[in-house]
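Below: the structure, in structure tokens.
Here the structure is a predicted model, which is why all the values come from computation and not from measurement. Proteins get letters first, then strands, A, B, ... in listed order; numbering begins at 1 in each.
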Amino acid sequence: MKNSFYMQSGLFFFSLMSSIIICLSSNSFLSMWMSMEINLFSMIPLISINQKIFSEKSTMMYFLIQGISSSIIIITIISNIKLTKSIMLIFIFMAIFMKLGLSPFHFWMISMIEGIKWNLAFIIMTVQKIIPICILMFFIHQKMIIFMCLMNSMIVALSGVTMYSMRKLMGFSSINHLSLMLISMILSKKIFKMYFLIYSLMTLSATKSMQLMNMNFLSQTMTIFKMSKINNLNNLIIFLSMAGIPPFLGFMPKMITIMLMMKSNMIFSVLVILLLNTITTFLYLRISLNNILMNLNFKKTFKVKKKTKLPLYLLFSPLYLLMS
Amino acid sequence: MLAISFTFFVLFFCLVMGIKWFILLSLMMMFYPFFHFLNFNLSLFSKNLYISLDFFSFLMIILTFWIVFLSILSSMNILMSSFSKLFLILFYFLFFFLYMFFSVSNFFFFFFFFEATLIPTLFIIVGWGNKVERIKSGYYLFFYTLFGSMPMLMSIFFLKEMNFSLIFFFFNLKSTYYLMYMFLVISLLIKMPMFLVHSWLPKAHVEAPLSGSMILAGVLLKMGGYGLFRLMNLFKKFSNLNSIWIYISLWGGILSSFICLRQVDLKSIIAFSSVSHMSLVIVGILIFCYSSLIGSLMLMVSHGLCSSGLFFLANILYERSGSRSIFLNKGLMSMFPSLSIWWFIFCAFNMACPPSLNLISEIFLMNGLISWSFLFVFFLMFISFLGGVYNLFLFSFCNHGSMYSSIFFFNSCYLIEYFILYMHFFPIFFFFMKLFFFF
């Protein structure tokens, strides 16, 4: 029985990946919409395979939200109005922002991530963003996207710092990174790709380590994160890297995005984003604070079986990538 | 290509030799950027794009060497504990970042290392501090600096768009870009710290371990002054705005000297005295006069050594009596007569007594400042006088009076402590004889 489930999850995972490839290689909006639907219907079994208490709720929520937003997208596409200059553009933006889980419509993602496993949370935070962003790339309507991104980082700065559950914190951090990512997408596709890769690398290592240690709440950082010295340092590096503070890798995409923004004279939005990101740093510092405290309080008899490896790639400073 | 092969070489070497992860980490972080900078040609020895030294940065690097060496030497109890290797690695990181900070000629890397020193400092203060309040003080340290320096990143890229280069010597900023000037100067002034944004400093000093506060007072406060010196070409166009910081820090120097007199914590007194001294450095650099610039450089070197020595002295008492309160550490002249002379020497040097570098620096500074505006005489008079007052206050409270009655026994001082104090004392005293080092 268990084996068949594994088979199924492998199957759906394959169709998930193939839907992304369909979207990336499609040449019409209709096939993009089709890939979106394939993506939705291969994601839902993946969420609901491992039944937990909340997973039914999050499956239903995911289905409804994605269904509504993709139906809005298909209506706007087939209504055959000139898309670049019309009110329908706002609809399509709203639908895509709903799909991405960005600011006016971010509540579903935060409460949905609460009910799923860490590896699925990783998929929702990174891989599932590809298709909506790929559609968004066709609509270069700068002012609106920038305004929404500023609002995103403000919302993360205001509400992210009070969260207690690790999954919610990660969800808010994904919103925060996504807002910078969208701005970099407007300015340069290459930088966006780099940002996306680095962000997924950081999220992968964070979610993987939290999955290994069965982390759920912020209070567990006091005990579980500090099983051994290497775990301690590991999590420290990961979360400070996500915060985007200079000697770590996460600083580099942020810095390059800001460089691009200054190049196109977006002084006010750079200022707002930087100051709001400073507040958001508190979120990451709060997660890693118990690691900074340095005193280990683990039992000597209890040994961790799995040896976690230190994510050296996160330690590579931006210097490395800049100067090579 | 070379870089990647070097990475694999290091990884392979560590795998083969069975070297543990922390050494691997330090290898990666320590040597890796060096190989980039050097690029394996001989240009390092002639001229290159990345590193440049002048008298200012050279002296700051020497100061960094000296203070880091002394602060590692003075934290023997941490080195004996279980986290000693991580502590040492953090210090190496801090040292490396500081070294690069003082020697790079690119403004972006300047900013990079400016921010990068924050992380090891935060780890040292929060990780090895003594009380629970260290978390709060760590937050203060972190967010004050971050709020200052994030806008600085923005103005760096603005300068890049203006000048097509980020090398310090090619900079130019039109005198109408007030906002960019503000962003540049505020982050450096927070790091100094100027009076109104100083409140992270006493908190960080009070909670930090000895080595943390030694390196904080000794080198990290000087980063702001070094930055002001480096960006002088930009700042001199905004002389009307510079006068704001000049007045704030002159008045703040007096006020922080008064605040010193109300403190009961030994470390807190020394921290506020360093705020007062740093205000003189800010004024000295921002009036753009050569003699006052030299005075600021001298004051940075001498204050770095002197306040680091004072922190070490305060920690000697703290280790013996378990308290930093000046009401409990009293009458120590009867217990440690030979430590008392060191207290006297460092307090006297801190108030700029004759055979010290502090005196020469204050003379130079005052020459420059009074030539800028004669009205400064009255302010400087107060700063100098109050400097004498709080140093005497510090000395007399610790060393005179009767012993605190609940202290039953003391360890006597170790030889290494006297040695460290002598190493602090030596450069302040003997730089007096080689003053052209600073010109």
Inset, instruction - Examine whether an atom of L236(A) lies under 4.5 Å from a heavy atom of chain B, and if so say whether it belongs to the side chain, the backbone or both; otherwise answer neither. - result: side chain
Inset, instruction - For a ring pair (Phe, Tyr, Trp, His ring centres under 6.0 Å) with F168(B), tell me which candidate from F109(B), F110(B), F111(B) qualifies. - result: F110(B)
Legend entry - Under 3.5 Å: donor-acceptor pair, side chain of N152(A), backbone of S103(A): yes
Inset, instruction - Measure the shortest side-chain to side-chain distance between I133(A) and F192(A) over non-hydrogen atoms and say whether it is less than 4.5 angstrom. - result: yes
Legend entry - Contact class of F87(B) relative to chain A, heavy atoms under 4.5 angstrom: neither
Inset, instruction - Enter the distance from M154(A):CE to S179(A):OG here, rounded to the nearest 0.5 Å. - result: 12.0 Å
Inset, instruction - Determine the interplanar angle of the F97(B) and F113(B) rings, folded into 0 to 90°, and report it as parallel if under 30°, tilted if 30 to 60°, perpendicular if over 60°. - result: tilted
Legend entry - Winner by heavy-atom pair count (cut-off under 4.5 Å) against chain B, out of L275(A), L289(A), V270(A): L289(A)
Legend entry - Under 4.5 Å from a heavy atom of chain A, the part of I119(B) involved: side chain
Legend entry - Contact class of F114(B) relative to chain A, heavy atoms under 4.5 angstrom: neither
Legend entry - Proximity breakdown for I258(A) and chain B, heavy-atom pairs closer than 4.5 Å: both
Legend entry - I267(A) vs M180(B) side-chain heavy atoms within contact, under 4.5 Å: yes
Inset, instruction - Output the residues of residues 150-161 of chain B for which the shortest heavy-atom distance to chain A is under 4.5 Å, in residue-number order; output 'none' if no such residue exists. - result: M150(B), P151(B), L153(B), M154(B), F157(B), F158(B), K160(B), E161(B)
Legend entry - L122(B), part contacting chain A, at a heavy-atom distance under 4.5 Å: both
Inset, instruction - Evaluate the ring planes of F112(B) and F251(A), with Trp represented by its six-membered ring, and classify them as parallel (under 30°), tilted (30 to 60°) or perpendicular (over 60°). - result: tilted
Inset, instruction - Rounded to the nearest 0.5 Å, what's the gap from CG on L136(A) to CD1 on I145(A)? Could you check? - result: 4.5 Å
Inset, instruction - Determine whether the aromatic ring centres of F238(B) and Y181(B) lie less than 6.0 Å apart. - result: yes
